[in-house]
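Written out below as structure tokens is the structure these notes cover.
Just so we're on the same page: letters track the sequence lines, and every chain starts at 1.
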Amino acid sequence: MNYLDELNESQKQAVLATEGPVMIVAGAGSGKTRVLTYRVAHLMQKGVDAFNILSLTFTNKAAKAMKERITKIVGGAESRNLWMGTFHSVFARILRAEAEKIGYPTNFTIYDTEDSKGLIKDILKELNLDEKVYKPGLVYNRISAAKNNLISATSYRNNTQAQEEDKSSGKPLIGNIYERYAKRCFKASAMDFDDLLFNTNVLLRDFPEVLLKYQERFKYILVDEYQDTNFSQYVIIKQLAARYENICVVGDDAQSIYAFRGANIQNILNFEKDYPDLKTFKLEQNYRSTKNIVNAANSVIANNKEQLQKLVWTENDSGDRIKLMRALTDNEEGYLVANSIFEIKMQNQTHNKSFAILYRTNAQSRAMEEALRRLNIPYKIYGGLSFYQRKEIKDILAYCRLSINNHDEESLKRIINYPARGIGDTTIQKIMLAATDHDVSIWTILDNINDFTLEINSGTKSKLDAFITLIKNFSAAAITKGAYEVGEYIANASGILKEFYTDRTPEGVSRYENIQELLNGMKEFSEEEEPEVGSQENEVASEKNEVESEELEERSAKLEERSQETEAGSATLEARSQELEVGSENQEPRTKNQEPRTKKQLAEFMQDIALLTDADKEEDDTEKDRVSLMTIHAAKGLEFPYVFVVGMEENLFPSQLSLNSRSDLEEERRLFYVALTRAEKKITLSFSLTRYRWGNLINCEPSRFIEEIEQKYLEAPSAPQHDQERTTQRDPGFTKFKSKQPQANNPAHPILKKNLVKVSTARNTNFDPESLKDLQVGMQVEHEKFGTGQVTNMEGIYPNNKATVVFDKAGQKQLLLKFARLKILN
DNA sequence: GTGTAATGCTATTGG
DNA sequence: AGCATTACAC
């Protein structure tokens with residue numbers, strides 16, 4: 001109970017300073033979560049009502065974990081009323097409650113990135129713009145950036161800077177696209193991820209009474225990972241906190257890694273200016289990692305210019321030094337990593353879950369997977385294609401979405417002819433054109449097809465009619481039945497299940513199983529009764545009461561009025577009003593004896609999963625003891641005893657795209673800092689000398705970040721046993737490849753040099769890099785593997801100089817001379 | 001309109 | 001290499 005005793009002095013102060021603006025600068029592993037948890041618990045023990053506390057986290061999982069910890073201190077009855085979640089999920093819920101104020105229905109759809117890009121593609125077609133010039137992804141990023149800076153479509157077009165930028169990049173019409181995009185989203189009753197924040201800002205800006213309500217509601221606000229918030233999020237927080245100014249932000253500027261998607265490090269650096277009476281606390285003692293790890297990470301981040309002063313230190317043991325591994329190919333890198341894991345497991349009796357393999361890009365996971373599979377080491381990949389992004393799942397979900405919101409155009413487009421029902425592209429184009437012309441949604445056209453003059457023959461019309469009827473049936477079912485029943489109905493009646501039922505190929509079977517898994521998820525969801533204390537669902541329910549009940553009557557009346565509009569409209573709207581009733585029912589304390597509650601509905605299920613990511617998913621028992629594979633970004637906030645950071649190569653990490661500006665490179669370095677500080681006991685870094693990219697082999701050189709680690713924190717290099725065996729067996733060239741690293745290696749880079757030299761002396765051969773110092777363009781050379789060729793270009797400075805060689809058989813390659821072991825022929 | 005073969009583009013990072 | 005879009009034959 002005396003939780004304060006478990007805190008060090010600065011942690012304790014950070015917990016006790018409950019009133020007024022507070023900034024906690026929390027170094028990696030400094031017990032940040034503990035402070036946040038205890039701070040909330042402390043507030044509650046001081047008598048603050050849980051309803052008045054809002055806590056924003058980076059992932060839903062983090063919110064859930066924190067809530068569980070708080071529950072242990074204050075008990076579930078209290079903690080259940082806390083608002084905790086990500087910006088997106090918390091404000092999506094508020095938006096649903098307040099939707100009609102900004103002209104949206106409560107059942108609005110959330111578009112994911114794929115939906116957004118699909119919509120942009122449509123708009124490009126309408127405007128006759130070239131997809132190669134206006135790449136949908138880039139256009140999307142541009143619109144996203146605008147929204148995150150609270151620039152609406154209209155102000156974008158009036159914004160001279162934005163217009164200039166677009167003009168000079170050869171894409172002057174992005175403003176027009178943005179405008180159409182926003183209109184189309186609105187017409188479809190859809191919001192993209194950025195709209196959830198943008199529209200929250202609109203809501204709070206234009207409706208002072210709403211702002212006041214939530215200011216009163218959230219008297220205490222906590223924001224985790226504040227360094228990764230963007231301007232839009234910043235303004236929301238600032239507005240909500242304006243009345244009581246009980247705002248506590250926690251962050252670490254050294255771990256800011258989301259600038260690429262609009263996060264603004266200035267938010268944390270400027271916090272002082274916003275709140276002059278700010279109290280700042282620094283958490284600098286690291287409890288997670290060994291001295292070697294903490295110090296190595298410090299030595300890396302010291303290379304950044306922009307940072308808040310702080311000194312992270314630890315009382316932990318020195319621990320092992322950082323190990324470096326070098327591979328010839330990406331596959332071998334996987335092999336080395338898998339083997340190291342195997343050895344550590346054997347030596348220390350360690351669980352699989354103690355290991356993480358971190359990489360810069362998702363594409364790197366493949367080599368790791370293969371190697372782990374060969375050694376029978378169970379693993380789990382986070383990120384990449386999530387369950388909900390699989391085609392067959394998205395197809396079913398598209399039906400679900402369309403049933404809940406008939407105006408959801410992206411879902412409609414996806415399934416209007418899937419499974420094939422004879423409604424082809426031309427028909428769809430005609431309908432979409434009519435929708436744009438009449439400024440209504442596609443559904444409205446379809447549902448009133450005879451009111452519009454369309455050149456569609458009667459055969460096609462009856463097909464469209466059948467489709468409309470099908471969806472209307474689903475919409476009706478979505479009201480009267482539980483989520484699972486509707487899901488099953490949709491899977492069957494849509495014909496999707498049948499598509500795979502007959503398919504006996506492994507892919508077909510797997511798809512069928514995936515759909516079953518989705519349905520199982522719905523079943524579990526819809527039969528959920530009293531949610532566990534402290535769980536997410538509980539939170540949703542309690543919020544709903546609070547927010548929605550007060551307006552329930554008024555809104556039900558409005559809904560009824562509006563439901564006269566169209567038949568289909570009435571279906572969904574009724575669904576909503578019924579849901580609201582469910583909400584009000586929740587308000588009374590439920591007991592087991594009460595009459596059975598309606599099964600949870602599809603609409604609720606869809607809201608639940610819309611903002612879930614892989615990281616949020618529950619793991620079942622068989623999934624618990626596995627090696628984790630993920631990008632470094634995804635590893636933020638996590639910790640593992642043993643961490644492997646792979647692909648430590650120039651142009652990969654740091655990414656090639658980051659090399660143009662100092663700030664981008666600094667972000668990469670912070671990313672590396674994040675990677676290093678995930679580890680508790682031991683870090684292993686690996687790089688490969690070659691790697692496949694777009695199907696062909698490229699040469700790589702070790703990352704500059706390796707050299708930035710102070711040498712004394714690196715393990716004295718030695719060639720691992722398996723390395724040697726394998727090389728000699730499988731690739732005779734490998735030994736030679738590694739041999740004789742340039743003695744004249746840059747003395748400014750002693751780490752690499754020492755490492756490489758030492759390995760080389762173990763197995764020397766007769767290659768002398770000195771022999772290449774006269775190499776020039778035009779010379780004929782020979783390579784162990786690629787054969788003979790001619791040098792066409794030389795670049796770089798010795799010893800990191802590279803030659804471009806056109807080989808007679810192997811084609812053009814870029815080779816780093818110190819590794820390539822070229823022989824001059826003439 | 002439907003299904004398959006050929007082409008072409010791509011891979012930061014993510015809610 | 002893998003995926004998506006396009007081109008072409010039915």
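- Aromatic ring centres of A/Phe644 and A/Tyr359 lie farther apart than the 6.0 Å criterion allows.
- Taking atom CH2 of residue A/Trp694 and atom C1' of nucleotide B/dT7, one finds them 18 Å apart after rounding to whole Å.
- Residue A/Phe260 and nucleotide B/dT13 are classified as a stacked aromatic pair, their ring centres being separated by less than 5.5 Å at an interplanar angle below 30°.
- A salt bridge does not link A/Asp395 to A/Arg511: none of the charged nitrogens lies less than 4.0 Å from a carboxylate oxygen.
- Rounding to the nearest 0.5 angstrom, the gap separating the OG atom in A/Ser494 from the CD1 atom in A/Ile396 is 5.5 Å.
- Comparing the P positions of B/dA11 and C/dT6 gives an interatomic distance of 16 Å, to the nearest angstrom.
- When heavy atoms are screened at a 4.0 angstrom cut-off, A/Asp194 is found touching base atoms of the nucleic acid.
- Per the geometry, CD belonging to A/Glu114 stands 14 Å off C1' belonging to C/dT5, to the nearest Å.
- Within 4.0 Å of A/Arg366, counting heavy atoms only, lie sugar-phosphate atoms of the nucleic acid but no base atom.
- Across B/dT13, B/dG15, B/dA11, the shortest atom-to-atom separation from the side chain of A/Thr631 is found for B/dT13.
- One interatomic measurement links the two molecules: CG of A/Leu611 to P of B/dG14, which rounds to 16 Å at whole-angstrom precision.
- Comparing B/dG14, B/dA11, B/dG1 by their nearest atom to the side chain of A/Thr427 picks out B/dG1.
- For the pair A/Lys430 NZ and B/dG1 C1', the interatomic distance rounds to 12 Å; values are reported in whole Å.
- For B/dT13 and C/dA4, the C1' atoms lie 22 Å apart once the distance is rounded to whole Å.
- Residue A/Lys135 is in sugar-phosphate contact alone, with no base atom involved, counting any heavy-atom pair closer than 4.0 Å across all strands shown.
- Looking at heavy-atom distances under 4.0 Å, A/Lys132 makes contact with sugar-phosphate atoms alone, never a base.
- Within the nucleic acid shown, A/Phe58 has no heavy atom closer than 4.0 Å to any nucleic acid atom.
- Between A/Phe87 and A/Phe91, the ring-plane angle classifies as tilted under the 30° and 60° cut-offs.
- Projected onto DNA chain B by closest heavy-atom contact, A/Ser658 and A/Ala420 fall at different nucleotides, the more 5' of which corresponds to A/Ala420.
- The separation between A/Ile428 atom CD1 and B/dT2 atom C1' is 13 Å, rounded to whole Å.
- In the set B/dG1, B/dG14, B/dT2, B/dG1 carries the atom at the smallest distance from any side-chain atom of A/Thr426.
- The distance between the ring centers of A/Tyr111 and A/Tyr181 does not fall below 6.0 angstrom.
- Atom-to-atom, CD of A/Gln364 to C1' of B/dA11 comes out at 10 Å; the value is rounded to the nearest Å.
- Distances shorter than 4.0 Å separate some side-chain N or O of A/Asn362 from OP1 or OP2 on B/dT13.
- At a threshold of 4.0 angstrom between heavy atoms, the contacts of A/Thr59 with the nucleic acid are absent.
- Side chains of A/Thr460 and A/Asn457: a donor-acceptor N/O pair is present below 3.5 angstrom, by distance only.
- Looking at which nucleotide of DNA chain B each of A/Lys463 and A/Tyr140 is closest to, the 5′-most match is held by A/Lys463.
- Contacts of A/Asp112 with the nucleic acid, taken as non-hydrogen atoms under 4.0 Å apart, are absent.
- With rounding to whole Å, A/Asp608 atom CG is found 16 Å from B/dG15 atom C1'.
- The base of B/dG1 does not come close enough to the side chain of A/Asp425 for any donor and acceptor atom to sit less than 3.5 Å apart.
- Remark: A/Asn230 is not in phosphate contact with B/dG15, judged by side-chain N or O atoms under 4.0 Å from OP1 or OP2.
- When the P atom of B/dG15 is taken as reference, atom NE2 of A/His88 falls 9 Å away, rounded to whole Å.
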